[in-house]
Amino acid sequence: MVGEEGAFVLGWDEVLTEEELSVTLKVLCMSEEEFKEYKEQDGWEDDSEEEENSVLSNEALSRLKTPCKKLLYDSVLLTLESYGSDLKAEQDLLNNKEIYEKLSRREQQALHVRYGQKRILHQLLELVH
């Protein structure tokens, strides 16, 4: 469901892999009974046209049902824990010109990427909390 990398792609305003995330949340938040019924329909494609064409914007994420929001929240926390440092540590490095300038160009770029990823994840935490 989530492709080869097993990850979802989030942007500042919406989920960029919305179909994968929508299906995954739908299935993971189903009861065993609902899952059996859904699977028996042989109709993974039978979702309504409205659902298929919906975009998982930040606004839509904040309106998810509580079980799905909890699942996303817990997943984001696990993802943040997988980093070696927290958002504040990245911010402190970016703000400390002396230390920042000692980093290689590649390390600086990696720092910016990590910082951006963590900011998006923290934004998602706020949306689904």
Side-chain angles (χ1 to χ4, degrees):
M1 277 189 286
V2 282
E4 294 176 19
E5 295 180 16
F8 301 106
V9 181
L10 307 171
W12 284 110
D13 301 316
E14 65 189 31
V15 176
L16 303 177
T17 54
E18 73 238 11
E19 184 179 347
E20 292 90 343
L21 183 58
S22 291
V23 171
T24 301
L25 286 174
K26 183 175 186 173
V27 170
L28 291 176
C29 292
M30 286 180 177
S31 67
E32 186 176 344
E33 176 89 12
E34 290 170 324
F35 179 71
K36 284 180 183 177
E37 184 179 317
Y38 192 69
K39 193 174 160 188
E40 286 172 3
Q41 290 177 357
D42 289 330
W44 293 91
E45 307 299 322
D46 286 357
D47 292 338
S48 71
E49 183 97 7
E50 181 181 312
E51 257 182 37
E52 288 178 12
N53 293 326
S54 68
V55 173
L56 278 179
S57 65
N58 287 349
E59 185 180 329
L61 287 170
S62 67
R63 291 190 318 258
L64 288 172
K65 293 179 181 178
T66 301
C68 292
K69 287 168 80 170
K70 171 119 176 68
L71 180 62
L72 267 179
Y73 187 86
D74 291 346
S75 298
V76 170
L77 287 180
L78 284 173
T79 302
L80 286 169
E81 287 174 10
S82 71
Y83 286 95
S85 60
D86 63 12
L87 182 66
K88 180 164 178 7
E90 306 292 1
Q91 181 68 51
D92 291 345
L93 274 175
L94 286 168
N95 289 334
N96 187 327
K97 292 200 184 293
E98 186 178 319
I99 293 175
Y100 180 80
E101 289 174 1
K102 289 181 182 177
L103 298 174
S104 70
R105 181 77 178 130
R106 188 174 185 173
E107 289 170 324
Q108 290 174 352
Q109 290 172 337
L111 174 60
H112 284 280
V113 169
R114 284 192 316 271
Y115 179 69
Q117 290 171 339
K118 290 175 187 176
R119 284 189 55 211
I120 289 172
L121 290 169
H122 278 274
Q123 175 180 285
L124 181 56
L125 281 178
E126 290 179 23
L127 289 169
V128 297
H129 191 261

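Note that this is a predicted model, so its numbers are computed, not measured. Below, each value reflects all heavy atoms present in this structure, side chains not excepted, and no hydrogens, waters or symmetry copies.
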Give a yes or no on whether [X] and [Y] share a hydrophobic cluster (residues Ile, Leu, Val, Met, Phe, Trp, Tyr; joining criterion: side-chain heavy atoms under 4.5 Å apart).
| X | Y | value |
| --- | --- | --- |
| V128 | L28 | yes |
| I120 | L94 | no |
| V113 | L111 | no |
| V9 | L61 | no |
| V23 | F35 | yes |

For residues R119 and L87, report the shortest heavy-atom separation together with the two atoms involved.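 Minimum heavy-atom separation between R119 and L87: CG-CD1, 3.7 Å.
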Looking at every heavy atom in both Q123 and W12, which two are closest together, and how far apart are they?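 Taking Q123 first and W12 second, the nearest heavy atoms are NE2-O, 2.7 Å.
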Straight-line distance of [X] [atom1] to [Y] [atom2], nearest 0.5 Å:
| X | Y | atom1 | atom2 | value |
| --- | --- | --- | --- | --- |
| K26 | K65 | NZ | NZ | 9.5 Å |
| L64 | L56 | CG | CG | 6.5 Å |
| R63 | C68 | CZ | SG | 13.5 Å |
| T17 | L10 | OG1 | CG | 6.5 Å |
| H112 | Q109 | NE2 | CD | 8.5 Å |
| H129 | L124 | NE2 | CG | 12.0 Å |

Check the side chains of E90 and Y83 for a donor-acceptor pair under 3.5 angstrom, ignoring hydrogens and angles.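 There is no such pair between these side chains.
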Given the rule in the side-chain contact (heavy atoms from CB on, under 4.5 Å) test, do Q41 and Y38 qualify, once you have shown the distances and angles that lead to the verdict? CA-CA 5 Å; Q41 290 177 357; Y38 192 69; 4.2 Å; yes
Can you tell me which residue among L78, D74, L80 is in a side-chain contact (heavy atoms from CB on, under 4.5 Å) with V76?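 Single side-chain contact (heavy atoms from CB on, under 4.5 Å) partner of V76 among L78, D74, L80: L80.
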Assess the residue pair E37 and E34 against the criterion (side-chain contact (heavy atoms from CB on, under 4.5 Å)); give the C-alpha distance rounded to whole Å, side-chain angles, the decisive distance to 0.1 Å, and a yes or no. CA-CA 5 Å; E37 184 179 317; E34 290 170 324; 5.7 Å; no
Does N96 reach the main-chain N or O of D92 with its side chain, forming a donor-acceptor pair under 3.5 Å?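 No, the answer is negative, given that no donor and acceptor are paired below the 3.5 Å cut-off.
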Does a side-chain N-to-carboxylate-O contact under 4.0 Å join E32 and K36?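 A salt bridge is present here (some side-chain N lies under 4.0 Å from a carboxylate O).
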